[in-house]
Amino acid sequence: MKLSSRHLLGLDGMPAKDIELILETATSFKEILNRPIKKVPTLQGKTIVNLFFENSTRTRISFELAERRLSADVVNFSAAGSSVSKGETLKDTARNIEAMKIDMVVIRHNVAGTPNFLTQVVKSNVINAGDGIHEHPTQALLDMYTLKEQFGKLENVRVCIVGDIAHSRVALSNIYGLTTMGAEVSVCGPATLIPRGIEKLGVKVFYRLDDVISKVDALNVLRIQLERQAGGMFPTLREYHRFFGVTKERLSRVDHPITIMHPGPINRDVELSADVADGPHSVILEQVLNGVAVRMATLYLLSATE
Amino acid sequence: MSDIILFQSGSLMDPQSHIDFVTDILVKDGRIETIKPSISSKKEYQVIDLKGKAICPGFMDMHVHLREPGFEHKETIETGTLSAAFGGFTAVCCMPNTNPAIDDESIALFVQSQGKKANGGIVDVYPIGAVTKKRDGKELAPIAELVQAGAVGLSDDGAPVSDAEVMRRALEYAGMFDVPVIQHCEEPSLSKHGVMNEGLVSTSLGLPGIPSVAEEVMIARDLMLTQYTKGRYHVAHVSTAGSVELIRAAKKEKSQVTCEVTPHHFTLVDEVVRSFNTNTKMNPPLRTQGDVDAIKGGLRDGTIDVIATDHAPHSLDEKEVDYIQAPFGIVGLETAIGLAMTELVHTGILSFAQLIEKFSVNPRRIVGKPVAIEEGQEANFTFIDPNAEWKVDVASFKSKSKNSPFDGRILKGRPIGIMNHGHVLLY
């Protein structure tokens with residue numbers, strides 16, 4: 001079995017069978033992660049560059065761990081202090097790095113579409129590790145993997161993504177992936193943070209958390225960027241927490257357990273109260289572990305494409 | 001080379017005098033000597049066969065960026081007017097967002113002088129003066145001196161005159177000289193850092209959007225100011241259905257308002273941005289099918305007076321970057337007529353005569369540079385083969401820049417040459 005594309009740019013348009021293949025493959029890699037010796041020789045001799053133009057801690061570490069556990073040679077590049085800050089273009093940077101014989105490029109960039117652009121200027125496999133507010137496909141894949149672990153399937157699982165939908169690549173990739181797999185997806189947040197046309201992507205829109213909370217199996221709670229408040233998107237953090245914060249009190253009003261996910265890092269007691277984040281229905285740390293397995297699966301499968 | 005040219009068997013089309021028939025035209029020393037169905041040739045005549053081709057009053061593109069002075073790596077007046085000549089235009093109006101801006105008479109005179117030198121002066125270059133000094137929207141530029149120096153309109157294009165008071169005074173002041181204030185309508189607090197139309201596609205791509213209302217609120221405001229001041233107002237590059245509706249209503253009230261649309265805004269929709277091709281990035285952005293349909297309706301019923309290209313050359317390096325960093329704008333001069341013929345005339349939205357109004361009669365009326373095909377008048381012609389099928393190839397563009405989203409597109413109908421100031425150019 002092979003993926004139908006040699007790049008992972010996003011989940012928009014990715015066929016269900018590709019998503020299934022990655023999730024299935026991740027299961028075997030997760031099993032490896034639970035062994036005493038966590039390293040396999042799968043990508044020995046391959047060189048992967050992590051091209052990070054935007055700050056990232058967990059995604060970069062997760063990718064790097066995945067790469068090292070597959071025995072690939074890893075090069076890390078971060079924009080600060082590089083020739084990018086001297087005005088070099090992305091095209092020149094990428095071509096220069098590739099001239100050193102790279103096999104795969106993992107890119108994180110603050111502008112939507114840069115991974116797509118990269119595929120036009122380099123020959124390596126390109127993996128999107130987050131581009132602006134467009135896509136973050138490996139995050140959505142690990143979210144879907146986690147949901148599948150919880151519910152045994154994705155079809156008809158009811159998931160609500162809560163928070164700043166308008167500025168979230170995690171939300172968009174989850175919407176694309178989950179709707180492809182037949183899940184029932186809704187979004188909830190202040191109207192100022194719900195982007196126009198989102199309902200045309202096959203999701204229901206809610207402006208009150210209490211209206212949706214009883215109708216879902218899982219909540220994927222997004223980090224609220226503090227600068228959005230300064231940007232006039234909502235009045236105060238307190239008000240946000242009161243109306244959109246996921247709290248124990250709010251969850252206790254629902255008669256069934258709800259799985260709580262968060263892509264991190266959490267603003268405790270803003271979008272998610274501490275007792276929920278650390279509570280029995282939180283799978284947040286499981287998501288982190290699954291992230292490594294899903295990224296190993298992605299790298300392995302892409303290396304096998306033409 | 002003879003000074004007497006006989007154009008044979010062309011279809012003469014001039015909607016101003018309702019002419020539409022096959023005829024010969026004799027041009028002597030750049031003037032139209034005789035128009036009649038059959039003129040016998042003499043051996044000293046240069047004979048040009050135009051059978052099956054149309055002879056139209058010279059087309060004008062009233063919205064181009066020639067980039068000189070200041071941005072000669074994108075375009076010069078020499079390359080820009082050559083692009084215009086090969087696009088079928090005998091005149092262009094160049095926007096003042098140069099460096100320095102065309103905000104005083106010396107730059108206005110410089111631009112015209114470069115235009116006269118370029119390519120034998122076959123394309124007339126009429127400057128648009130800035131509305132405000134340095135185009136910064138604060139203090140009025142010396143409008144009277146600019147007009148005296150040849151400016152045919154005023155605009156801060158690339159940026160709007162966003163202050164309502166400044167716009168009011170500009171309309172009043174420019175109104176004294178009967179020149180239009182040409183507004184780039186974009187309320188900056190709404191368009192912010194947007195790079196494409198706000199809607200399903202911008203949401204799907206995670207690109208910041210420019211909402212249609214950013215254009216419409218400024219048009220609505222300006223229309224009220226125009227009514228109040230009795231000034232002359234021209235809306236550049238209309239892009240939304242709401243804008244068309246606002247202008248249609250204002251015209252019913254007999255306001256002195258005119259407007260233009262670009263070929264890309266009646267041809268493409270925001271779906272094409274999904275490629276992340278930076279040649280789909282322009283301002284105003286490509287909108288939706290509903291907007292395209294409304295624009296076509298506006299062209300048909302006369303709400304939209306003019307087709308103008310907003311020819312905006314950028315070098316390859318400038319465009320070969322990510323979508324947010326890339327500059328707005330595409331080249332348009334060499335595809336305008338082909339796109340309009342294909343999208344509007346061959347689809348029955350406009351008659352060929354209406355097309356000539358949008359490309360020649362109306363823009364020339366708005367900026368006060370009319371031409372007519374009549375005996376005794378200077379010969380100022382655009383020749384068109386209405387049925388020629390051709391493929392756009394950016395490599396063949398005369399423009400210094402190749403930033404077009406239309407590369408490889410098949411079009412039906414194209415210009416085949418122009419005549420102006422005694423010069424004939426047949427491609």
Side-chain angles (χ1 to χ4, degrees), chain A residues 9-13 53-54 79 84 87-95 107 109-121 128 130-137 164-173 175-176 179 187 193-203 205 231-233, chain B residues 187-216 240 242 269-281 285-291 314-328 403 405 407:
Chain A
L9 303 178
L11 299 190
D12 186 8
F53 293 89
E54 194 184 71
V84 172
E88 190 179 47
T89 66
L90 172 59
K91 183 182 165 187
D92 285 339
T93 303
R95 283 199 167 155
I107 179 173
H109 199 285
N110 60 353
V111 176
T114 42
N116 308 60
F117 173 72
L118 208 57
T119 62
Q120 290 161 27
V121 294
N128 181 3
D131 61 328
I133 53 175
H134 180 215
E135 288 232 40
H136 191 355
D164 181 0
I165 311 300
H167 303 93
S168 175
R169 53 192 172 211
V170 176
L172 207 49
S173 284
I175 289 169
Y176 290 134
T179 52
V187 296
L193 294 175
I194 303 287
R196 290 179 80 81
I198 191 89
E199 65 289 343
K200 290 182 193 142
L201 298 179
V203 303
V205 178
M233 295 296 173
Chain B
E187 169 52 45
S189 65
L190 287 170
S191 62
K192 276 205 178 130
H193 309 297
V195 298
M196 68 171 295
N197 181 48
E198 180 176 279
L200 171 63
V201 182
S202 67
T203 292
S204 304
L205 298 178
L207 287 172
I210 302 174
S212 51
V213 287
E215 177 171 309
E216 292 154 6
T240 79
V269 295
D270 60 357
E271 287 291 332
V272 300
V273 181
R274 288 188 190 274
S275 63
F276 288 107
N277 176 352
T278 56
N279 288 334
T280 63
K281 180 176 174 183
L286 298 171
R287 304 286 186 181
T288 66
Q289 191 59 48
D291 297 303
H314 293 292
S315 74
L316 183 62
D317 280 347
E318 291 169 313
K319 275 287 197 182
E320 206 173 39
V321 292
D322 68 67
Y323 206 86
I324 288 179
Q325 209 186 328
F328 289 106
N403 51 312
D407 193 30

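Keep in mind that this is a model prediction, so the values were computed, not measured.
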Which donor-acceptor pairs sit under 3.5 Å apart between chain B and chain A?
{"unit_1": "Thr203(B)", "atom_1": "OG1", "unit_2": "Arg196(A)", "atom_2": "O", "d": "2.6"}
{"unit_1": "Ser204(B)", "atom_1": "O", "unit_2": "Tyr176(A)", "atom_2": "OH", "d": "2.8"}
{"unit_1": "Glu320(B)", "atom_1": "OE1", "unit_2": "Lys91(A)", "atom_2": "NZ", "d": "2.4"}

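Heavy atoms closer than 4.5 Å to chain B are found in the side chain of Leu172(A), but not in its backbone.
What you find for Ala112(A) and Gly206(B) is that their closest heavy atoms are CB-O, 3.5 Å.
For the atom pair CG (Leu200(B)) and CG (Leu201(A)), the distance works out to 5.5 Å, reported to the nearest 0.5 Å.
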